[in-house]
Amino acid sequence: MSLAKAVYQTVPVPYSRTNYYTDITQPTPLLVGFLGRVARRLGVRDVEAQALFHLDQGMGGGKSHALVGLWHMIHSPERFFESDLGKSVAQEAMAGGHALDLSDVAHAVLIGDSMSPGRTDPRFGPATDLFGRLLWLLFDGQPDRLDRWQHYVALGPNKATLQDVFAEIDRPILIIIDELMDYAMALTNQDAIGGLPGEQGFLNALADAVDDQPHVALVVVMIRSDEDEAGYHPAAEEMREYLSKRLQRNGKTVTVTDPSDFAQIIRRRLFDRAEVLEPARAVAARFTNAAEGPWADSVFNKLGAGKGIGRLADRIMETYPFHPDLFDLVSKEWSVVQAFQRVRSTVAIFARTVLHWTLEYEQGRWCPPLIGPGDIPLQTDALEELLSSGVLAGNDRAIQGYRAVANTDIIRSGGGAGTAHNLDEALRQAGVDAGQVCPAVRMAASCFAYSLVPRAQAARGATKAELLASIFVPGVEYASAEEVFNALIASPIDGGLGALEHSSPAAGRGASRYYLSIKQTLNMYHANAMTMVSSDRALERVWHRAQSLASKGMFTNLQFVDDPASAGGTSSPFVSVDGQDNRLVVVDPRRWTLLNGNDAATRRDIDEAFGVVPGLAPTYAASMVIALVNTQRRARARDRAKDLLAWEGVVDYLDPENEEYSEACSRRDEARRRLDVDIRWAYQHYAYLLRTSAGLAVQYKAVPDGKSALNGQDVWTDLVALGRAVAAGGISPDYISQLIASGTFGRDLTPKELFTLPFSNPTWPLVATIEDLRAVLFELATGPDWMLTDSDGNEVRPGSPAQIQPGSMQQLLRPRPASTGEASTEQGDDSAQADHSERSGEAADDGEHRQDGSDTEGRGQNDSSGSGGASTEVGYEVTKLRLPLTSVTDDARREAVWALLREVASVADPARRNVDLQMMGLEITVTARVGDLVSAQTKAGTIPGMVVTVDADEL
């Protein structure tokens, strides 16, 4: 059962109907007790009752079934309490003569495996965390829902806020948090882990608030670690430990099923209600009376404690119409496997089995009086239900092996062949009558069932007594049953089961055991395992391993982008990779590969990631480098991953005591080493952004042989060789000076803008560290060509690179005004060098005068140096620029015009104090879309003498 399907009606399921649910649910003591205590807390006034319940059973423990019961109890109380289950729950809740009212219960159902931390969901309105989602659900139906939600969200997820919420709602409240560990695991994702402490704090506050508030109940489902087969991130495990202590402090850990309930639950799920006491008693009497002589001595008295003739009748009545040996096998041995869900898996297997024998009975054919270990019809889809039930713990190799054994040694799918099936025909022809149609198939199927999992004390398979008991029915002769047994254990040459093996007890103590083996040579194991490994699964391993192998090197950040098809995302997978840092972005090889003539989709996505084509508009695309696999090399890595997965399956299947186990481990480890080599080799390409004469373009490069795009240092070194990056400490002030001077900025730049350029402008190289850029800017600001000024135009003289402020928007880096020294033109270079040396040795006396006393503030001065320092007369020239009216729709033409306008604008820049500008006239004709020049027209109107005319375009 799924609580999500019942509550949110995501798919039509029969148990979403109250009547169906109560009809199939056995009112077992633990379930009734749990539902009754929750009902008492919610619906009985003035009575102290438990408020917090922690369900921590393992998989298949009945938790989901119990939660669906809670939902029906508060959602449809009238129908629920009309049922046998509801009456039992009401009796538990009203103990002491109290009244019970669940007609107006508010509820909030949060299901961890269907919620994404930090993301909105239509079910929860604007909420993105547990606290907000709880509030949204609790205020459902209120006209001011959003206002109340915003009010309490602003107060924060603390105990006092929650108590105020409960008091305002003023109704019984049931809160269910299911699959909490799935949500905890989602919180450990890189983009969500920041929310983990807040969610922990909220859950702690919720546990306290619920305990102190009457008629509020909290049910938390969090499987305890020793019952949970899933592996979790360390942060998720820490959250489990943190919450477990608080749940134990404020509430009670409960279970809702017990092994003694197992037979009743299965019987109720599969059959219509009927009185079975008399039929069960009659069958038990027949079996007990027939189990005498050699059957008693050689079979039942050797089955083990509690399984002799004396207990046979009682055991049959407890499990009827199933054989008690089958129930013991399933409930006590198969259920030890964590992946096997006791109720769910058993129902699936037993349902197919019951259906088969019901149809056989309706067709007038023989049926067993009790359904035992050998009666699972392996020729039907019951075999797949059995193999996929988790009893083999998801071991694909073992599943494949046992499927082959069932079809070869017992009975083929659909019937009509198989060793045991053929033996039945041979036994009939030999006159052996075992009182049933297919005794060899039943005994072999029983051996199959006993062989699937290790038994007590690591024993394998079944004893002779257990195999004989599996075909015992009243009237069968012991000698005939033994004939069947002998035929099965004969050598394959004599028609016996080819996969059957037996083990003798150590020192002659105990009984020999017989089991069906899927043992093969290592190469056979591996070949079979390879057929079970899909390409998708292999590529998934390649991707996960690539993330482990990747290193950032000189990059500041290392990011990974999953195939959105596997992650279930709907937005662009690159939407979250933008950022002001040098980052190596490794992409999922399941979607993005390069070359081999089929990479158009990859190149389109990469273009979008860099903002070259419409879609995304990244601000810092220039500082992103994307690592990609080569298509052909990916195929080799995929095949290597298949090889590794197959060897892992072999190792998982083999017993550590097996003589071939060590060799299998060695081959697995070698395959793992080779996979790492092939994955590094497969990531051959990287992509980065570059500005070309045609505009922005993505450049694709291949790392040199022996290098890998997964290694950030390899990529950075290659970028340095290409001139797209600089090594640590290797950036030249002259280079940056040229970039600034040749840039099309049209104004002086602030430090903040300068520190942004290597990340946002692909014309600039990638700079290893901010400190490198600090050092360069310091050299420029204290050199002869550039200066830092404050907002008033005064020079700022930093004493060291540490005094450069990367985030400053008040300072400007400006060209230093030309010096009016006494040196001749021929001595200019030497003077500048000497002046630079003086500035390096000591600070200037003030920000506006050079050490030689020359004034740098005179805007109209154009003194030229001569002998004796005498100034000559200033000369002026008139420059007229005329551009005929021409089209600028061509990008190159428009860029050229823009460069000219920028240059003219820079001459009039008030900050250019060294430019002696006397007069300026403008005549500009622009044809543009109506409204595009409104701002320019407005500014023009503020200049005295400016004439603005706007005419309609006649073209």
Side-chain angles (χ1 to χ4, degrees), residues 726 729-743 745-751 753-755 757 764-765 767 771-806 808 811-867 869 871-872 874 903 906-907 909-917:
V726 291
I731 189 169
S732 165
D734 291 338
Y735 181 31
I736 297 301
S737 176
Q738 293 174 14
L739 287 173
I740 297 173
S742 61
F745 305 111
R747 56 183 175 79
D748 297 324
L749 301 176
T750 67
E753 292 170 321
L754 285 167
F755 276 87
L757 285 170
W764 284 53
V767 179
E771 297 309 315
D772 286 355
L773 205 55
R774 276 182 189 267
V776 168
L777 190 54
F778 172 74
E779 290 291 327
L780 293 177
T782 57
D785 300 322
W786 299 88
M787 61 188 291
L788 273 179
T789 66
D790 60 19
S791 57
D792 296 325
N794 301 316
E795 182 176 3
V796 178
R797 298 282 297 188
S800 67
Q803 294 182 7
I804 299 294
Q805 303 174 26
S808 173
Q811 299 175 355
L812 290 172
L813 182 69
R814 294 177 168 177
R816 189 176 293 282
S819 172
T820 57
E822 298 178 355
S824 65
T825 303
E826 290 78 12
Q827 297 172 328
D829 293 340
D830 293 336
S831 298
Q833 183 173 358
D835 181 65
H836 176 65
S837 300
E838 290 178 359
R839 290 178 178 276
S840 301
E842 61 181 320
D845 291 337
D846 62 54
E848 299 181 4
H849 291 80
R850 299 283 295 270
Q851 288 180 359
D852 60 5
S854 60
D855 189 4
T856 62
E857 283 291 301
R859 179 175 302 180
Q861 299 180 129
N862 192 19
D863 295 345
S864 61
S865 300
S867 63
S871 58
T872 60
V874 177
E903 186 61 33
S906 70
V907 172
D909 187 349
R912 296 282 297 276
R913 304 184 180 212
N914 60 330
V915 177
D916 187 356
L917 182 68

Between P798 and V796 the two heavy atoms that sit nearest each other are CD-O, 3.2 Å

Interatomic distance, OG1@T789 vs CZ@R816, rounded to 0.5 Å, equals 10.5 Å

Rounded to the nearest 0.5 Å, the CZ atom of R814 sits from the CZ atom of R747 at a distance of 12.0 Å

Does the side chain of P751 come within less than 4.5 Å of Q805's, by heavy atoms? no

Hits for side chain to side chain donor-acceptor pair (under 3.5 Å) against T750, two or more places apart or cross-chain, chain-then-number order -> E753

Check against side chain to side chain contact (heavy atoms under 4.5 Å, CB included), L788 and L813: CA-CA 5 Å; L788 273 179; L813 182 69; 4.3 Å; yes

Exactly one of L754, V776, L757 clears side chain to side chain contact (heavy atoms under 4.5 Å, CB included) with I736, and that residue is V776

To the nearest 0.5 Å, atom CG of D785 lies from atom CD of E779 at 12.0 Å

Exercise. Taking D790 for its side chain and D792 for its backbone only, find out whether a donor-acceptor pair lies under 3.5 Å.
Key: yes

Here the gap from I804 atom CD1 to L777 atom CG, rounded to the nearest 0.5 Å, amounts to 4.5 Å

Given side chain to side chain contact (heavy atoms under 4.5 Å, CB included), test F755 with R774 step by step and report yes or no. CA-CA 9 Å; F755 276 87; R774 276 182 189 267; 3.9 Å; yes

With sequence neighbours left out, the residues meeting side-chain contact (heavy atoms from CB on, under 4.5 Å) with S737 are L780, W786

